[in-house]
Visitor: 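Structure incoming, see below.
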Amino acid sequence: MGDQPTSGRKRTPEETAAETVVIKAASPDETVVIDKAAPGETVLDDKAAPDPTVVITKAGSDETVVITKAPADDTVIIRAPVTKRRPAGDDTVIIRVPGGPKGGSKKRTAGDDTVIIRLPGGPRSGSADVTSTQALTTARKRAAEDTIVIRLPQAPAKKKTAPVEETVLIRLPAAAPEPEPRERFALGWAPWVLALSSLGVVLVALAYAGGRHEASWAMAAYWIGQVIVFSPVVFRLLSRLAGVAESFVLVMGLATNQYMLKWMYSPDQFRFPDELQHWLATTLITESGELFRQNNALPPAVHFPGLAEMGAGLSLLTGLPVTAAGTIVAGVAHLIFVGWLFAAVLRASDSPAMAGVACVTYATAMHYLFFNSMFLYATAALPFFMLTVWAHRRWRTGGANRFLALAAVGITMTTVSHHVTAFALVGTLLLLSLTELALDRPRPWATLTVPALALAVVCCWIGFVAQDVIGYLEAPVQRLAAALHQMFGGAAAAAEAGAAKPVPLVQLAVQGLGILGLLVLFLAVARDMILRRDRDAWRWAALVGGAVFFAGNGARFLGSGGPEIAGRLSTFTYVPMSIIAAIAIVHAVPVVPPKDSHGRRWLSPPPPGVAVTTGRRLAGQVYIGTTLITLLMVGARTGGWPPVSALLPGPYIPAAYERSVDAYGVDAARWQDRHLPRESRVGGDITAVALSSTYGRIDPVREVGDLYWATSWGDAEEETARQLALDYLVVDRRLGELLPMDGAYFQGDPMAGRITEPLSDAQLGKFDTTGSISRLYDNGNVRIYRLGAS
Amino acid sequence: MNPVRAGVLAGLTVVASVAAGFGPLAVAAPAGLLLAFVLPGYAITAAMFRREIGMVERSVLVPSLSLAVLVLGGLGLWAAGGHLNRAGWTLLCAVVTLIAIGVAFYRHAKDPEETGRIRFRISQDRLIRDVLPLTLAVLLLAGAGVWSYADSVGTYDIRVSTLSAEPPGPAGADGARTVQISATGLASSAGPWSMVLTGDEGVEISRQAITPDTGGDWTGRLTVPGDERVTVNLFRGGETGAFRTLIIAADAQ
């Protein structure tokens, strides 16, 4: 995937004749043909000579490589060290290109910094005829994947500057020997980079502690820590000097460090409502030893027991509490997901740099840090989503049927773990297969096997086991449809219109800049692929997926739930987008291409092969790339979860999810567990309902805002309570002191987005003055009322 | 899988199973982690692949397949009427691992192809270059984690003082109801504690001193009139305002 193949486009004889370079290596079998993209782009050519042919000859045993360019005075001799002989099979060629006039070559002008080397593919004829036009055409077609473009750094502007020696390493991919084990597993700078990254973790831990104690410096420490955790790893990976082992260790180390950031936010207990729901599902299995037990907190999760089984299994096998087991399971699943992403991109691109950059780019996904590593059922499904994609790739590229079996395991695991991820998997597999069908000849119909299998498994599971998920997903789909209707001219629902909360301009600017950067990379790769007439099905699939990512970002503007939908969608669409970004960055796809000989810029055919950047140009790309990806990370932290106002843990805030869970709320919920019947229906604010339905294990009633906003308890409230079959209400007196974080105290809050003052004493105190209501629990902050006379 | 490795792996599986099934937490935890994340996946990977996958793929496949055993095996066990308790999970992981070891061993015996095993040699240079910084990273992470945990517990795990009542039942023949009242988290040093019951008109019905136990808890049964709305106030020390308050509505009947 990573290698940008040469277009199969036939060039005119004139073009071909003007661009031919030949390298003759030690034996005729090692003859290498160099294509020069266009006059004026060869290292040794600045004259636009009519015949810019260059010949590089490796002169037998003395390891000398001769580059000859006609006319004769353009010859450069590059002498390899004779004292250090290359071991047999080591086909790395080192070309030292002298810079400046002293080097014997001519000065290089602006833009005169590219050498294109076409490595021999297919049969290595090595005959003298290889220089003929016909042979070149044939060679080009056969060796499309073996072309490398090397961009050399610009020569100094002034001649009196000392000449600069630039070294270019060319590794011939086909015949690369197996490296020594110690080299293969060399970790390079990864340990030190990770040690530095861990310092960032310490800094964020300090920031979290500062947040808990409301220290003013905490936010600054948080951002500095985030950058230290992230950017050194990105910098090292972008340098393209890391091998497979180093890249893998860097990527997994970064994922570990970032998981630590998530865990340290709330290390002693799950606080996010969805995590608590899955904590309950897991606890039910450990207590009963049975699957599919009713879970009032999240009924659809009952029929997707993957995560709960993992947590329960680990808890029972180790004897650890469910919270600890869940934390470990979520962390391991998160690491496996990142590992599969790395493995899939590595297998497809054969480039550790590409795999590493794709992974760190994905680490800037909106929900990567929290949602996708929380103890949620999507976290359990995501690694198997990627496993299936990897297995499909292996199977389609000649792997045995064992990979098909692995894909089947991945599909089944994804399906029994999470509904939306299962749907996304079917879509992804279908996309991969359809692009393959569209581009390959003869059409490989067998590629449809895996998506068909996935579709069948998902349909069977939902049809026979998890029918209730259809109703569960109906509501968000309807909200999405309503938002789309509103966007295209329809009237907005009153509550929805009021719920929209303006996003701070700085936050929008950071996110916008990041997405704009991605769009630029996306368009550059798209242009490159189109003009190359790229036929790689997986690259096209990634491009289509990237386009879906941008379309999905449009969902941000679909009402109050838009950002959440966009974020959740990006969990899947950001995978191909990350790959596209990695292609653009690692292969240095030009964002603004140079003009060709016909004066065309945007329609000029890109140079064949893969661009390999060195020297100052590479350094510049590393800095720019690191900045861009760090900017994306900052944008994800500000636009993802937790929201900006709760980036740090701290004191209680109403309806602020993790920030709302404290000892008072938990104690009230545990009292419900001990004293109320399981079938009791309990209403409350967002936090109270989340805690009551999980720690309290009762039946939650969420849309109770009207009962709280009323200033007195009359017939209307009595009727509402009767219709909702409410038994109890949880009232936190702090709702009368603080405004909600997200503009609403309750789910379906009738005052959402319009709350300017906390609830009044009359609104919260009416329960104490109503004769038919009992207060059965009081801990100073949280009170529990029983509705109806005793 | 050669006989030596198969034997070691099988032995390790048995030992881990026994430890997870019967051992104390300190032994069961690492054994359970091995059974949940490593052993089944390692054995299945060895049974399925020899040289077809690289180290990266192998290192990710092992925990993936182990988790798949937990989930799909658990579903199968439950569908077969089994119980998903500690013994069930332990047997499931152990049996799958041993079967996979058997398959891997059989494949090796049938076709003893050299699998190209790589031997690592840790040099002094590598110790300094790799192990030292990685150890530093692990220590930093561990330190940050432990400290963060302690800080979170210290911040949030505060003592909550509560006053609560069981949902009262109907009034008896004498028109009175018995209500079980509980108080928790009462610090003796903040006392003395007293409980005052008042009726509809604010008239005091009863007053009693509360003596929490060493854990700060108190439980008692109070008799209240069934036809009145009763307020139960808990007072702390010499404070005039109620520290905690309950309200028992009148019996509807």
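Chain letters run A, B, ... following the sequence lines, proteins first, then strands; residues in each count from 1. Computed from a predicted model, the values in this text were never measured in an experiment.
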Visitor: Please output the residues of residues 151-158 of chain B in contact with chain A, using a heavy-atom cutoff of under 4.5 Å, in numerical order.
Guide: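 The list, in residue order, reads Asp151(B), Ser152(B), Val153(B), Thr155(B), Tyr156(B), Ile158(B).
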Visitor: Quick check on the 6.0 Å ring-centre criterion: do Trp78(B) and Phe292(A) meet it?
Guide: yes
Visitor: Which answer fits Leu676(A), side chain, backbone, both or neither, if we ask what part of it has an atom under 4.5 Å from a heavy atom of chain B?
Guide: side chain
Visitor: Pick whichever of Leu34(B), Asn85(B), Leu140(B) has the most heavy-atom pairs under 4.5 Å with chain A.
Guide: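 Greatest number of close heavy-atom pairs with chain A: Leu140(B).
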Visitor: For atom CH2 of Trp147(B), is the number of surrounding heavy atoms from other residues, nucleotides or ligands below 6.0 Å larger than 12?
Guide: yes
Visitor: Output the option from Val230(B), Val179(B), Thr231(B), Leu134(B) having the highest count of non-hydrogen pairs under 4.5 Å with chain A.
Guide: Leu134(B)
Visitor: What part of Ser59(B) is in contact with chain A, defined as an atom under 4.5 angstrom from a non-hydrogen atom: side chain, backbone, both or neither?
Guide: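 Contact with chain A is through the side chain of Ser59(B) alone.
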Visitor: Between Tyr265(A) and Tyr208(A), does the ring centroid distance fall short of 6.0 Å?
Guide: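 Yes - the distance between ring centres of Tyr265(A) and Tyr208(A) falls below the 6.0 Å cut-off.
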Visitor: Checking heavy atoms, do the side chain of Phe248(A), its backbone, both or neither come under 4.5 Å from chain B?
Guide: side chain
Visitor: Quick one: what part of Thr769(A) sits under 4.5 Å from any heavy atom of chain B, side chain, backbone, both or neither?
Guide: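 For Thr769(A), backbone heavy atoms alone lie under 4.5 Å from chain B.
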Visitor: Under 4.5 Å heavy-atom distance to chain A, tell me which part of Leu92(B) shows up: side chain, backbone, both or neither.
Guide: neither
Visitor: Identify which part of Leu234(B) has an atom lying under 4.5 Å from any heavy atom of chain A, answering side chain, backbone, both or neither.
Guide: neither
Visitor: Check each atom of Val416(A) against the heavy atoms of chain B and say whether the ones under 4.5 Å are side chain, backbone, both or neither.
Guide: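 Looking at Val416(A), just its side chain touches chain B.
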Visitor: Pick from Gly82(B), Gly88(B), Ala68(B), Ala19(B): which one has the most heavy-atom pairs with chain A under 4.5 Å?
Guide: Ala68(B)
Visitor: Look at Ala165(B), Ala20(B), Gly143(B) and state which one has the largest set of heavy-atom pairs under 4.5 Å with chain A.
Guide: Ala165(B)
